[in-house]
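Because the structure is a prediction, the values reported are computed rather than measured. Along the sequence shown, residues are numbered consecutively beginning with 1.
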Amino acid sequence: MKKRMFILLLLALSTSSFSGSFVQAEGQQLASNASVKLTLSQAQQWARSNSFSLKEAQQTIDRNRINLKNAGKNLDFIPAGTGNGEEDASSSSAWKGYASSTVSYLESKKQIELAQDQTDYTTMKNYYEVLLADNKVKSSEDALSLALLEEKAAEAKANRGKISPSDQSSIIQTRIEAQKNIEIAKAALQKAMDSLNTQMGQPQGTVYELVDRPVYRKMDSTNLDTLVTRAISASPSVWRQEEAVKLAKMEVKYYTWNSGNDDYEIKQIDVDSAQGGLENTKDQLAETLKSMYFNLQQNDEQYEQLQSNLQNANKVLNISRKKKERGFATGTEVATNQLKVKQIERNMDELIVQMTQLQHALNKPWSV
């Protein structure tokens, strides 16, 4: 009987999806019918071409370029400082309007860069969601293979009167649930692929072989202060607030008395408010980066723990295989231990994806 069970085990494993995860396996196909290889870079390129936000951002650049050109036509001269009366107010207004139009034009150029970064990040997220969903299908299929073996073993025990009807019924129910879980996992995989195709502007139902599988990389040794400084320097939000401060200071520098404008003190308050907004934006960005940084550190430690768990699980698996060869373990025990190994590998896959996304977010926090 044990020999027969071991043969059944081998048959089950040969038809299951014990193909390994992308921790170890490279170049394995997402689906057997995939005919087109898709890199992450290609997916991001298609997503950019299909992005409404990017098209809208480009139109804003064109619009602001025209506005800037028109604002320049209204300039007679650049005022030297504060003025007095309606005539000075008109010249000052033209100069401040030109400065504001310049900021709007430059901001729209930064906005298209921001839209590109956000599109790239979302595409990466959707791309990896497909890989993880495919992993869940494999895990569900592995669980069903094991459930079928346990059900077959329970049937053999029932024929010899060595299992209670309730225990056998519970094992059968486990197999039924495993079959349902496969359908749920496949539906989730289809949904993930549909989301990726929608973002890329590709036909629904198109199946690709996703070839860029994330790999583990030790956490960057760059210290937190350097990351914060670098991010603040490149942040579109910080730049926008810095320009708001400059424009507010212009209102003070080129204030025109006796022209019906807001009080001079209000303009000074506006400067203080803009500067406070700038400092707040920097502080919020720094706090966000700190949170990401510490989360990445925790993930790195968790990954090292999973590596240790995987090593131990493989030892247990090898021992059970040797026991099986000597007749001291069943094929079901071997399959159970193999399933544990695969599950740890797939947990590592999920963690690698989290770490990859966090690392990207640390470098470009505005893209998330």
Side-chain angles (χ1 to χ4, degrees), residues 1-25 30-32 129-192 302 305-351:
M1 179 59 69
K2 287 184 178 180
K3 182 176 180 181
R4 178 172 175 269
M5 286 300 299
F6 187 56
I7 293 173
L8 287 170
L9 168 66
L10 293 177
L11 289 173
L13 292 181
S14 66
T15 57
S16 76
S17 58
F18 274 56
S19 58
S21 64
F22 50 78
V23 170
Q24 296 177 330
L30 174 66
S32 59
E129 281 295 328
V130 174
L131 292 174
L132 293 180
D134 184 56
N135 259 4
K136 291 188 184 298
V137 171
K138 290 183 173 72
S139 294
S140 299
E141 290 173 343
D142 292 345
L144 176 60
S145 296
L146 179 59
L148 287 169
L149 287 174
E150 291 176 339
E151 183 179 17
K152 197 71 176 180
E155 181 182 347
K157 289 180 181 179
N159 292 335
R160 301 195 306 272
K162 292 187 176 182
I163 189 173
S164 68
S166 62
D167 287 344
Q168 184 179 14
S169 177
S170 177
I171 291 173
I172 292 173
Q173 186 61 36
T174 298
R175 186 263 303 162
I176 293 173
E177 291 298 323
Q179 289 175 321
K180 291 179 181 178
N181 288 338
I182 286 180
E183 297 308 312
I184 293 173
K186 286 182 177 179
L189 173 58
Q190 186 61 55
K191 183 178 179 180
Q302 187 178 350
Q305 181 60 54
L306 285 175
Q307 285 181 313
S308 177
N309 294 347
L310 179 61
Q311 186 177 10
N312 293 334
N314 272 314
K315 288 179 181 178
V316 172
L317 174 59
N318 291 333
I319 290 173
S320 65
R321 283 171 172 165
K322 291 177 181 178
K323 284 185 176 180
K324 178 64 187 69
E325 292 172 358
R326 297 184 178 92
F328 296 117
T330 65
T332 302
E333 290 178 60
V334 175
T336 299
N337 291 329
Q338 187 167 355
L339 184 59
K340 290 178 180 178
V341 168
K342 294 297 178 184
Q343 189 56 54
I344 293 174
E345 289 177 342
R346 286 164 187 155
N347 289 342
M348 294 171 76
D349 292 344
E350 293 183 13
L351 197 56

Distance from [X] atom [atom1] to [Y] atom [atom2], nearest 0.5 Å?
X: M348; Y: Q302; atom1: CE; atom2: CD; value: 10.5 Å
X: K324; Y: T332; atom1: NZ; atom2: OG1; value: 10.0 Å
X: L310; Y: K315; atom1: CG; atom2: NZ; value: 11.5 Å
X: R321; Y: I319; atom1: CZ; atom2: CD1; value: 12.0 Å

Under a 4.5 Å cut-off applied to non-hydrogen side-chain atoms, are [X] and [Y] in contact?
X: R160; Y: K157; result: yes
X: K136; Y: E350; result: yes
X: D349; Y: L131; result: no
X: K342; Y: S139; result: no
X: E151; Y: I176; result: no
X: V316; Y: N312; result: no

### Task
Please lay out, stage by stage, how K186 and E141 fare under the test side chain to side chain contact (heavy atoms under 4.5 Å, CB included).
CA-CA 10 Å; K186 286 182 177 179; E141 290 173 343; 4.0 Å; yes

### Task
With sequence neighbours left out, write down each residue that passes side chain to side chain donor-acceptor pair (under 3.5 Å) with N181, or none if nothing qualifies.
none

### Task
Go through the structure and list residues passing side chain to side chain donor-acceptor pair (under 3.5 Å) with Q179, not counting sequence neighbours.
R175

Which atom pairs, one a donor and one an acceptor, fall under 3.5 Å between side chains of residues 167-174 and the rest of the protein, sequence neighbours left out?
{"unit_1": "D167", "atom_1": "OD2", "unit_2": "S164", "atom_2": "OG", "d": "3.1"}
{"unit_1": "Q173", "atom_1": "NE2", "unit_2": "E177", "atom_2": "OE2", "d": "3.0"}
{"unit_1": "T174", "atom_1": "OG1", "unit_2": "S170", "atom_2": "O", "d": "3.0"}

Please report the shortest heavy-atom distance between [X] and [Y], naming the atom on each side.
X: A329; Y: S320; answer: CB-O, 3.9 Å
X: R346; Y: D142; answer: NH1-OD2, 2.7 Å
X: V130; Y: A192; answer: CG2-O, 3.5 Å
X: L317; Y: V334; answer: CD1-O, 3.6 Å
X: I344; Y: N309; answer: CD1-O, 3.7 Å

### Under-4.0 Å salt bridge between K138 and D134
yes

### Query
Are side-chain N/O atoms of N337 and E333 paired as donor and acceptor at under 3.5 Å?
no

### Message
Working note: N159 + E155, criterion side-chain hydrogen bond (donor to acceptor under 3.5 Å, both in side chains); need CA distance, chi angles, decisive distance, verdict.
### Response
CA-CA 6 Å; N159 292 335; E155 181 182 347; 4.8 Å; no

